[in-house]
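First the structure, in the form of structure tokens, and then the observations on it.
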Amino acid sequence: MTSNTRVVVIGAGLAGVRLARRLGELGTPVTLVGEEEHRPYNRVLLAEVLAGRYSPDVIALPAPAALIRARVTGIDRGARTVACADGSKIAYDTLVLATGSNPVLPPLRGLFTADHELPKGVHAFRTMDDCLGLSEAVRPGVKAVVIGGGLLGVSAARALAQRGAQVILAQQSERLMERQLDPSASKLVRRHLGDLGVEVHTDLRVRDVRCVGGAVRSVEMADGYALDAEIVVLACGVHPRVGLAQTAGLDVRKGIVVDDELRTSDPHIHAVGDCAQHDGTVYGLATPALEQAYVLAELLAGRANARYTGTRSLTRLTLTGQTAFDLAAFGETEALPGDDVVQLADATRGTYRKVVVRDDRLVGGVLVGELGTVGALARAWEGAEPLPENGPLLHLLTNDGGS
């Protein structure tokens with residue numbers, strides 16, 4: 001790639017900023033286009049801002065100099081330009097879509113007003129504006145219902161409880177964070193939330209949002225039971241933001257389909273982060289987004305050997321409160337028939353460690369409470385090498401391996 005090649009990156013989240021900064025370090029000019037008014041920020045830490053632990057400035061990302069604030073409305077692949085809502089156009093030689101994801105808004109009756117806005121008191125929890133709006137609404141004693149018990153819902157419920165809200169978490173499935181954790185670890189998360197005053201309800205389907213005068217008043221369950229609510233937080237997951245790509249005629253399935261060079265079906269357009277689908281997988285996590293951005297920067301700067309072959313990503317969550325609560329999960333946390341499992345649990349301290357081994361290889365694990373061994377375990381899992389003989393599992397669970 002020549003030094004005067006115009007690289008334009010749409011999206012100023014973690015992936016977009018990482019890519020733009022790395023390209024700058026490698027001497028490749030880049031223009032970053034972000035639509036939010038705020039400085040680029042680390043979305044992973046929004047719950048800490050909601051909890052009052054960090055100010056928005058603390059989670060700001062060091063943005064590159066060439067940052068344009070604009071909302072992109074279309075891509076002209078023939079002319080190689082992108083159109084912005086203010087009528088301007090930006091020319092590119094190489095375009096990168098780092099458009100991220102949108103919150104999933106569940107199909108609940110009463111969720112939208114006549115002009116298709118969320119009622120007063122109902123909040124998604126995805127952007128800095130969402131976070132600041134929630135922060136403004138929270139006060140001690142306010143009744144808050146969080147819909148969704150995944151990573152985002154657990155983080156939001158914990159943050160609201162720390163701000164003094166009366167929090168109820170409603171989860172449709174039978175346990176919290178079921179995608180990442182096994183039942184034992186889920187129980188410990190539930191216990192921790194309970195210690196913070198959060199009332200957790202599982203196997204509970206929300207049917208209706210009831211409003212009076214345009215403001216939420218209650219949330220009704222499928223069985224007719226109603227929960228009083230002055231604040232409702234929608235934490236039902238995210239889906240890739242692919243509208244621009246679809247309208248431009250790119251190959252889109254679950255996400256924007258990319259190859260090992262993060263290239264879409266148009267050779268002049270790449271995609272990274274939450275919006276990208278690589279080898280059938282949409283990750284929706286920070287670590288893969290950062291790895292994709294790094295690889296693409298190397299490629300665009302002319303380092304031809306760089307390739308993205310996938311990420312084995314570890315989920316990490318730290319819940320602060322009167323007592324800190326750490327957990328980490330990776331790979332397959334539920335054993336299949338024939339797998340070997342080693343578990344260590346201490347009910348008094350609320351700690352739990354488990355690894356799953358298949359054919360002498362570590363295929364997954366979950367740790368709650370004490371994470372001293374997580375570095376050694378993650379390295380063994382990421383390497384996918386056969387484990388040494390002579391009782392390595394207990395050793396891995398009880399020693400920090402130099403991590």
Side-chain angles (χ1 to χ4, degrees), residues 1 5-20 22-23 28 30-35 43 71-83 90-105 126 150 179 236-313 315 331 382:
M1 177 169 288
T5 296
R6 296 166 298 183
V7 178
V8 175
V9 180
I10 301 175
L14 275 174
V17 169
R18 171 69 176 269
L19 173 62
R22 182 61 182 154
L23 282 172
T28 300
V30 59
T31 298
L32 181 64
V33 185
E35 68 179 30
R43 199 180 306 280
R71 184 169 64 84
V72 175
T73 55
I75 302 167
D76 185 332
R77 290 166 54 192
R80 288 197 215 163
T81 59
V82 295
I90 304 170
Y92 68 86
D93 294 306
T94 297
L95 180 66
V96 181
L97 301 176
T99 48
S101 53
N102 286 325
V104 171
L105 301 180
R126 182 68 187 158
R179 288 179 57 193
C236 306
V238 296
H239 55 81
R241 196 173 176 190
V242 296
L244 280 174
Q246 280 178 321
T247 305
L250 300 177
D251 185 8
V252 174
R253 294 171 205 171
K254 290 182 289 185
I256 304 166
V257 177
V258 296
D259 61 15
D260 288 358
E261 295 184 11
L262 288 314
R263 191 171 42 198
T264 69
S265 51
D266 181 328
H268 300 289
I269 303 177
H270 296 72
V272 292
D274 287 9
C275 67
Q277 176 182 334
H278 175 266
D279 197 21
T281 299
V282 176
Y283 288 98
L285 295 167
T287 302
L290 293 171
E291 288 187 9
Q292 289 170 5
Y294 185 85
V295 169
L296 183 56
E298 300 291 299
L299 279 165
L300 296 183
R303 304 191 179 193
N305 293 330
R307 292 292 183 276
Y308 178 71
T309 56
T311 301
R312 310 194 87 192
S313 191
T315 297
E382 288 166 354

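- Between the side chains of D251 and S265, no donor-acceptor pair is found at a separation under 3.5 Å.
- The 12-atom threshold is not exceeded at CZ of R253, counting heavy atoms of other residues, nucleotides or ligands nearer than 6.0 Å.
- In this structure, T73 contributes its side chain and A83 its backbone to a donor-acceptor pair below 3.5 Å.
- Using modelled atom types, one side-chain atom of R43 and one backbone atom of R126 make a donor-acceptor pair closer than 3.5 Å.
- A heavy-atom distance below 4.5 Å is found between the side chains of Y92 and I269.
- When every heavy atom of A297 is checked against every heavy atom of L23, the shortest pair comes out as O-CD2, 3.6 Å.
- Residue R307 places its CZ atom among more than 12 non-hydrogen atoms of other residues, nucleotides or ligands, all under 6.0 Å distant.
- Put simply, the side chain of L300 does not reach to within 4.5 Å of the side chain of V30, judged on heavy atoms.
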Scan the side chains in residues 236-249 for donor-acceptor partners under 3.5 Å anywhere in the protein, sequence neighbours excluded, and list what turns up.
{"residue": "R241", "atom": "NH2", "partner": "E35", "partner atom": "OE1", "Å": "3.3"}
{"residue": "R241", "atom": "NH2", "partner": "E35", "partner atom": "OE2", "Å": "2.9"}
{"residue": "T247", "atom": "OG1", "partner": "G243", "partner atom": "O", "Å": "2.9"}

*L299 and R263: side chain to side chain contact (heavy atoms under 4.5 Å, CB included), yes or no, with the steps?*
CA-CA 10 Å; L299 279 165; R263 191 171 42 198; over 6 Å; no
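- In this structure, L97 and L250 have side chains that are in contact, with non-hydrogen atoms separated by less than 4.5 Å.
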Per-pair distances, 0.1 Å, donor-acceptor, side chain in residues 281-296, under 3.5 Å, sequence neighbours excluded:
{"residue": "Y283", "atom": "OH", "partner": "T311", "partner atom": "N", "Å": "3.0"}
{"residue": "E291", "atom": "OE1", "partner": "T311", "partner atom": "OG1", "Å": "2.8"}
{"residue": "Q292", "atom": "OE1", "partner": "G273", "partner atom": "N", "Å": "2.7"}

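- Across all their heavy atoms, G34 and A12 have their closest contact at CA-CB, 3.9 Å.
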*Given H278 and D260, is the side chain to side chain contact (heavy atoms under 4.5 Å, CB included) satisfied, shown in steps?*
CA-CA 8 Å; H278 175 266; D260 288 358; 2.8 Å; yes
